[in-house]
Number of protein chains: 2
Amino acid sequence: MRWTDLENEACPVARGLSVIGERWTLLILRDCFLGVRRFDDFQASLGITRHLLADRLKTLEAKGLLRREQYQERPPRFEYRLTETGKDLFPVLVSLITWANCALPSPEGSPYRLVSRQTGQRVTPVLCDDETGARLNPRNLRLLMPGEDAPGDEPPRR
Amino acid sequence: MRWTDLENEACPVARGLSVIGERWTLLILRDCFLGVRRFDDFQASLGITRHLLADRLKTLEAKGLLRREQYQERPPRFEYRLTETGKDLFPVLVSLITWANCALPSPEGSPYRLVSRQTGQRVTPVLCDDETGARLNPRNLRLLMPGEDAPGDEPPRR
DNA sequence: ATCACTAAGTTCCTTTTCGGAACCGACTCG
DNA sequence: CGAGTCGGTTCCGAAAAGGAACTTAGTGAT
């Protein structure tokens with residue numbers, strides 16, 4: 001398998017990474033969630049080369065995560081906004097932030113706050129089962145391949 | 001900013017990607033969650049070059065996500081297992097799988113099932129507020145930078 | 001003892017991607 | 001008229017990835 005063939009894999013992790021797994025892509029999307037919309041603002045925020053930025057924005061638009069919108073005529077100027085599919089990535093970003101805050105703490109602490117739009121209160125994101133509300137973690141869950149059966153705490157050797 | 005300087009950023013997304021943002025790394029970790037532990041098994045599963053695989057495993061061990069364990073002497077052979085820090089990445093992987101299953105469906109459907117170790121039942125992962133149990137999604141949440149205030153539905157322009 | 005095989009890498013070389021800086025085009029402002 | 005703004009593109013050297021063969025330390029079969 002080559003990295004560039006990931007999109008044709010059956011595995012959703014591989015398919016997902018074919019869209020958001022390139023260098024800088026997830027940082028561009030982070031900026032989108034923070035409200036950045038314009039080429040030069042992305043570039044200033046990331047320090048990425050303009051060449052690479054143009055390429056990533058084009059790809060994200062083609063994959064349907066960003067929408068390019070004209071915000072003035074003469075000269076025509078465009079900005080980039082998250083589509084619904086792009087916004088659906090929020091849990092991925094939130095999970096990554098939560099993990100990194102815990103596993104790789106920075107001396108200054110996390111620069112972000114996650115707040116409810118309704119109440120303005122900070123929230124603490126956790127993964128739950130939608131039906132039972134039970135907290136999900138790697139110790140009480142297993143990720144199974146098609147053939148594998150449910151029980152047994154130890155996955156098979158090979 | 002260069003890609004290789006990400007680890008020194010204050011942003012947890014950047015810090016996180018400095019560890020799991022390289023090509024193949026998250027696919028290696030996916031295999032770990034599926035029970036793969038040995039060099040040749042990773043290589044067969046991923047189709048990655050052995051050179052790159054050796055490099056990524058070394059990095060993941062150095063960053064504390066994998067632990068290298070000797071499973072036989074003479075000849076000495078080692079396998080790779082997730083550390084607690086590595087297992088803590090589970091929500092990131094689960095969120096990515098959930099997003100990709102929805103946004104990038106494959107013709108064959110997702111090959112994975114997520115089941116409880118206790119009950120063996122399938123679970124549907126969602127992100128909740130740990131305190132209130134309220135479902136979190138990008139429409140009712142905002143990611144704020146240090147200076148930003150809570151209210152206002154539209155983030156500032158720049 | 002020799003041959004084939006295994007597991008976990010390493011080496012060598014080519015191709016692709018990234019990084020840095022300058023340049024371009026269409027306009028506005030003073 | 002010249003300087004500034006915004007959203008890119010072009011060019012080129014450096015770094016990373018891809019492919020295939022080779023190595024090392026053993027085992028087991030003939």
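Everything numeric in this text was worked out from a predicted model, so none of it was measured. Throughout, a chain's letter reflects where its sequence line sits, starting with A, and its residues are numbered from 1.
Note on B:Y80: every side-chain N or O is 4.0 Å or more away from OP1 and OP2 of C:dA7. Side-chain N/O atoms of B:K58 include one lying less than 4.0 angstrom from OP1 or OP2 on C:dT10.
Counting only N and O atoms by type, the side chains of A:N101 and A:T98 include no donor and acceptor under 3.5 Å apart.
The separation between B:Q72 atom CD and D:dG26 atom C1' is 9 Å, rounded to whole Å. Taking atom CG of B:L57 as the reference point, atom C1' of C:dT10 lies 14 Å away to the nearest angstrom. Atom CZ in A:F39 sits about 17 Å away from atom P in C:dG25, given to the nearest Å. B:E69 places its CD atom 14 Å from the P atom of C:dA8, with the value rounded to the nearest Å. In this structure, the CZ atom of B:F78 is 12 Å from the P atom of C:dT10, given to the nearest Å. Rounded to an integer number of Å, the gap from CG of A:D5 to P of C:dT16 is 13 Å. At whole-Å resolution of the value, CD in A:Q70 and P in C:dA26 are 15 Å apart. If you take CG of B:D40 and P of C:dC5, they are 15 Å apart, rounded to a whole angstrom.
Because its NZ or CZ atom is both nearer than 6.0 Å to the ring centre of B:Y71 and within 45° of the ring axis, B:R38 counts as a cation-pi partner of that residue.
Relative orientation of the B:F33 and B:F90 rings is tilted, given thresholds of 30° and 60° on the angle between their planes.
A salt bridge links A:R50 and A:D40; the closest N-O separation between the charged side-chain nitrogens and carboxylate oxygens is under 4.0 Å. Between B:D5 and B:R2, at least one side-chain N (NZ, or NE/NH1/NH2) sits under 4.0 Å from a carboxylate O, which counts as a salt bridge.
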Side-chain donor-acceptor pairs of residues 6-18 of chain A under 3.5 Å, sequence neighbours excluded:
from: A:E7; atom 1: OE1; to: A:K63; atom 2: NZ; distance (Å): 3.1
from: A:R15; atom 1: NE; to: B:L104; atom 2: O; distance (Å): 2.8
from: A:R15; atom 1: NH1; to: A:E7; atom 2: O; distance (Å): 3.2
from: A:R15; atom 1: NH1; to: A:E9; atom 2: O; distance (Å): 2.9
from: A:R15; atom 1: NH2; to: B:L104; atom 2: O; distance (Å): 3.3
from: A:R15; atom 1: NH2; to: B:P105; atom 2: O; distance (Å): 3.0
from: A:S18; atom 1: OG; to: A:R15; atom 2: O; distance (Å): 2.6

Completion exercise
B/S/- along nucleotides 15-25 of chain D (protein heavy atoms under 4.0 Å) is -SSBB-B---B

